[in-house]
Amino acid sequence: MSPETDVNVEFVEAAMDLIERGDQQALHDLIDGRVHPEAELTPLISLGVEGVYEGPDGVRRFFDDLLDAFEVRYSERELRPVGDGVVLVLCRMGLRGRESGAEVVQHVGTVYEFEGELLRSARVYEDQSEATEAAESAGERA
């Protein structure tokens with residue numbers, strides 16, 4: 001694994017921590033300059049009008065939409081590099097609606113792909129084994 005891989009794992013973990021804290025400004029500061037111009041982020045649920053959020057502005061918009069709508073908690077976190085340029089996150093994600101107070105807890109998997117230290121894509125999967133397979137496939141391509 002390259003030193004970039006460790007930096008990318010640290011980046012994803014720091015983003016998760018800031019999401020849990022609900023710190024939108026610190027999250028913006030973290031991702032500024034770290035998102036590829038053609039990045040695509042595919043969430044598990046659509047929060048706004050977008051199904052796939054594109055580019056740095058889209059990624060920022062996704063996190064704003066997420067944090068405006070929900071309090072987010074991650075537990076049972078497992079972050080691991082899968083080849084160079086791919087980070088797999090398996091966790092239990094809890095969402096609590098800011099207005100409704102309704103809670104949803106689900107095990108999810110997220111595959112992050114990087115070009116160097118720039119986030120190129122992120123996709124959230126409802127099925128952790130599907131996420132693992134997608135990460136392994138992406139890791140083989142990297």
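Under the side-chain hydrogen bond (donor to acceptor under 3.5 Å, both in side chains) criterion, E130 pairs with no residue at all, not counting sequence neighbours. Taking L41 as the reference, P43, Y53, V59, F62, F63, A122 meet the side chain to side chain contact (heavy atoms under 4.5 Å, CB included) condition, with sequence neighbours excluded. Under the rule for a side-chain hydrogen bond (donor to acceptor under 3.5 Å, both in side chains), the partners of R77 that lie at least two apart in sequence or sit in another chain are D17, E20. Not counting sequence neighbours, R123 has no partner by the side-chain hydrogen bond (donor to acceptor under 3.5 Å, both in side chains) test.
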Query raised in the report: Can you list the steps and then say if Y74 with I19 is a side-chain contact (heavy atoms from CB on, under 4.5 Å)?
Result: CA-CA 9 Å; Y74 300 109; I19 290 166; 3.7 Å; yes
Requested in this report: Decide yes or no on side-chain contact (heavy atoms from CB on, under 4.5 Å) for Y112 and F11, but give the supporting numbers first.
Outcome: CA-CA 11 Å; Y112 296 89; F11 170 79; over 6 Å; no
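Within the structure, side-chain hydrogen bond (donor to acceptor under 3.5 Å, both in side chains) pairs that include any residue of residues 21-31 comprise R21-D23, Q24-D64, Q24-D68, Q25-D29, H28-D64 (at least two apart or interchain).
Although no hydrogens or angles enter the test, the distance criterion places no donor-acceptor pair under 3.5 Å between the side chain of N8 and the main chain of E113. Side-chain atoms of Q128 come within 3.5 Å of backbone N or O of C91 as a donor-acceptor pair.
Looking at T132 and L90, their side chains come closer than 4.5 Å, going by heavy atoms from C-beta outward. At a threshold of 4.5 Å between non-hydrogen side-chain atoms, the residues E38 and R120 count as touching.
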In residues 93-108, what donor-acceptor pairs under 3.5 Å come from side-chain atoms, sequence neighbours left out?
| unit_1 | atom_1 | unit_2 | atom_2 | d |
| --- | --- | --- | --- | --- |
| R96 | NH1 | E71 | OE1 | 3.2 |
| R96 | NH1 | E71 | OE2 | 3.3 |
| R98 | NE | L67 | O | 2.5 |
| R98 | NE | F70 | O | 3.3 |
| R98 | NH2 | L67 | O | 3.2 |
| R98 | NH2 | F70 | O | 3.2 |
| S100 | OG | A102 | N | 3.0 |
| Q106 | NE2 | E126 | OE2 | 3.3 |
| H107 | NE2 | E76 | OE1 | 2.9 |

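Taking both residues in full, the closest heavy atoms of V111 and L88 are given as CG2-CD1, 4.2 Å, listed atom of the first, atom of the second, then distance.
A distance of 9.5 Å separates OH of Y125 from OG1 of T110, quoted to the nearest 0.5 Å. Distance check, rounded to the nearest 0.5 Å: CZ of R34 to CG of L118 gives 7.5 Å. Taken from CD in E10 to CG in L79, the straight-line distance is 11.0 Å, to the nearest 0.5 Å. Interatomic distance, E40 CD to L119 CG, rounded to the nearest 0.5 Å: 11.0 Å.
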